[in-house]
Amino acid sequence: MAQKPRGRPKAFNDKTDQNTVQALDRGMDILTHVAQHPGRTLSEIAEDTGEAIATVFRALVTLQGHGMVEVDEPGQFWHIGPGAFRVGSAFLRRTKVVERARQPMDQLMRETGETANLGIEVKDEVFFVAQVETYEAIRAFFPPGTRAPMHSSGIGKALLAWYPEEKTRGILARKGLEKFTSLTLTSDSALLRDLSRTRDRGFSIDDQERAEGMRCVAAPIFNAHGEPVAGLSVSGPAFRMGLSDATRIGALVRAAADQVTEATGGTQPA
C-alpha cells in the first residue's frame, strides 16, 4: 500500500528564491510595512519599500480583498484591516500562555499601578503578545506585535538569563548590542554579569536601557521541560518606578510568572 503524501515537497527546507513565490513575498513585505507605518499613501509605501507604484497597488488591492488592509477616504491612506487581526488572533489562540496569563497580568497591573506585558522570543527578538495597560496618563505602551531587542528589554533579559549560555551567546552574536541610551549594556561581559545577577534574584531589570525615563522588571515563564518560553513584565516611567521599588515589584512579577508556569503545566528549572 502506497504511503499517503503529507503535503511537504522534497524541497520543503530549501528557502532559496526558486522555492518562494516572489509576488507573495513582496505582498507580505508590503503588509508588514503598512502594519509598522499606518496611514501612508500609495506613493509613500512605494517609495519606502523600493517597489514600483503599480506593483504596490496590485498588492494592496489584493490584500484589501482579503480584509488584510483597508484604505481611508479621502486621501487614500492605507491601514491594517480586520483580516490581519483575525489571522493574528489565530496565533494567540495557539498558545495557552496568553490565556493563562490574563488574570495574573490584571492582578499585576492593580498591585503595581503600572502596565503589565507578556512577550515571547521570535527570531532573536522580543515579540509582545499581550498587554494590560495602567490607567495612568503617562505609561509604557507595547501593543501586541511590537518587537524589542533582547539585550535592552526586561523580558528579553529574563529569557536570556535562563537560556543555555550557548544559545544566549548565539543571539548576541547575530543581533549585536546596539546602544539606545547611556545605560544600555553594550559589551558581552557586562550583559552576562547582569544576566547572572538576574538569575540570582529571580527577575531582570531594564534600567532605562531601551528608553530614557522608562524602567521594566520581568521574569520568565517555563514549559514542562523547565525551558523559558515567555516573559512577564511590569513597565513604567522611572519617576514612578524607582530602583528602590525593583525588589518589591520583582517579587510580584516573579510570583505572577510562576503562577502562569504552573497553570500551563510548566516546571521550574533545577
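Computed from heavy atoms alone, side chains included, the values below leave out hydrogens, waters and symmetry copies.
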query: Between Arg110 and Asp106, is the closest basic N to carboxylate O distance under 4.0 Å?
result: no
- request: Go through the structure and list residues passing side chain to side chain donor-acceptor pair (under 3.5 Å) with Asn223, not counting sequence neighbours.
  value: Glu227
message: Can you confirm whether the side chains of Thr186 and Thr184 place a donor and an acceptor under 3.5 Å from each other?
response: no
query: Would a 4.5 Å heavy-atom cut-off, applied to side chains only, mark Ile249 and Glu114 as touching?
result: no
field: Shortest non-hydrogen contact from Val260 toward Pro104
entry: CG2-CG, 3.9 Å
message: Test your reading of the model: is there a side-chain donor-acceptor pair from Glu125 to the backbone of Lys123, 3.5 Å cut-off?
response: no
- request: Take atom CZ of Phe239 as the centre, draw a 6.0 Å sphere, and report whether it contains more than 12 heavy atoms from other residues, nucleotides or ligands.
  value: yes
message: Quick check: do Leu192 and Arg169 have side-chain heavy atoms less than 4.5 Å from each other?
response: yes
Side-chain donor-acceptor contact under 3.5 Å, Asp29 with Thr49: no
message: Once rounded to the nearest 0.5 Å, what's the spacing between atom CE of Met214 and atom CE of Met241?
response: 8.5 Å
message: Holding to ring pair (Phe, Tyr, Trp, His ring centres under 6.0 Å), I want the full list of residues that pass it with Tyr163, two or more places apart in sequence or in another chain.
response: none
message: So, taking the atom named OG1 in Thr115 and the one named CD in Gln131, what distance separates them when rounded to the nearest 0.5 Å?
response: 5.5 Å
- prompt: Phe222, Ile155: one ILVMFWY side-chain cluster at the under-4.5 Å cut-off?
  reply: no
task: Report yes if some heavy atom in the side chain of Pro82 is under 4.5 Å from a heavy atom in the side chain of Glu70; otherwise report no.
output: yes
- request: Mind listing the closest non-hydrogen atom pair of Leu243 and Ile205 along with its distance?
  value: CD2-CG2, 4.3 Å
message: Any non-hydrogen side-chain atom of Val132 less than 4.5 Å from a side-chain atom of Arg102?
response: yes
- prompt: CD/Glu51 to CD1/Ile45 distance, rounded to the nearest 0.5 angstrom?
  reply: 12.0 Å
field: Spatial distance of atom CG (Leu232) from atom CD (Gln259) [nearest 0.5 Å]
entry: 9.5 Å
query: In this structure, which one of Asp194, Thr198, Asp206 forms a side chain to side chain donor-acceptor pair (under 3.5 Å) with Lys157?
result: Asp194
- request: May I ask you to test the Val97-Ile120 pair for a side-chain heavy-atom distance under 4.5 Å?
  value: no
task: Taking the side chain as every heavy atom from C-beta outward, state whether Phe128 and Leu118 have any atom pair closer than 4.5 Å.
output: no
query: So does Gln76 have more than 12 non-hydrogen atoms from other groups sitting under 6.0 Å from CD?
result: yes
task: Say whether Ser233 and Asn117, considering side chains only, have a donor N or O and an acceptor N or O under 3.5 Å apart.
output: yes
message: Does Asp124 form a salt bridge (charged side-chain N to carboxylate O under 4.0 Å, His left out) with Lys175? I'd like the steps, not just the answer.
response: CA-CA 7 Å; Asp124 297 343; Lys175 301 300 290 187; 6.0 Å; no
- prompt: Where do Arg147 and Val122 land on the side chain to side chain contact (heavy atoms under 4.5 Å, CB included) test, with the steps shown first?
  reply: CA-CA 9 Å; Arg147 295 176 181 267; Val122 175; 3.8 Å; yes
- prompt: How far does OG of Ser196 sit from CZ of Arg201, to the nearest 0.5 angstrom?
  reply: 10.0 Å
- request: Just jot down the salt bridge (Lys or Arg N to Asp or Glu O under 4.0 Å) partners of Asp48, sequence neighbours excluded, or say none.
  value: Arg40
message: Quick check: do Val71 and Leu60 have side-chain heavy atoms less than 4.5 Å from each other?
response: no
field: Flag, side chain of Arg254 to backbone of Gly202, donor-acceptor distance under 3.5 Å
entry: yes
message: Just verifying a value: how many Å separate Leu160 CG and His151 NE2, rounded to the nearest 0.5 Å?
response: 10.0 Å
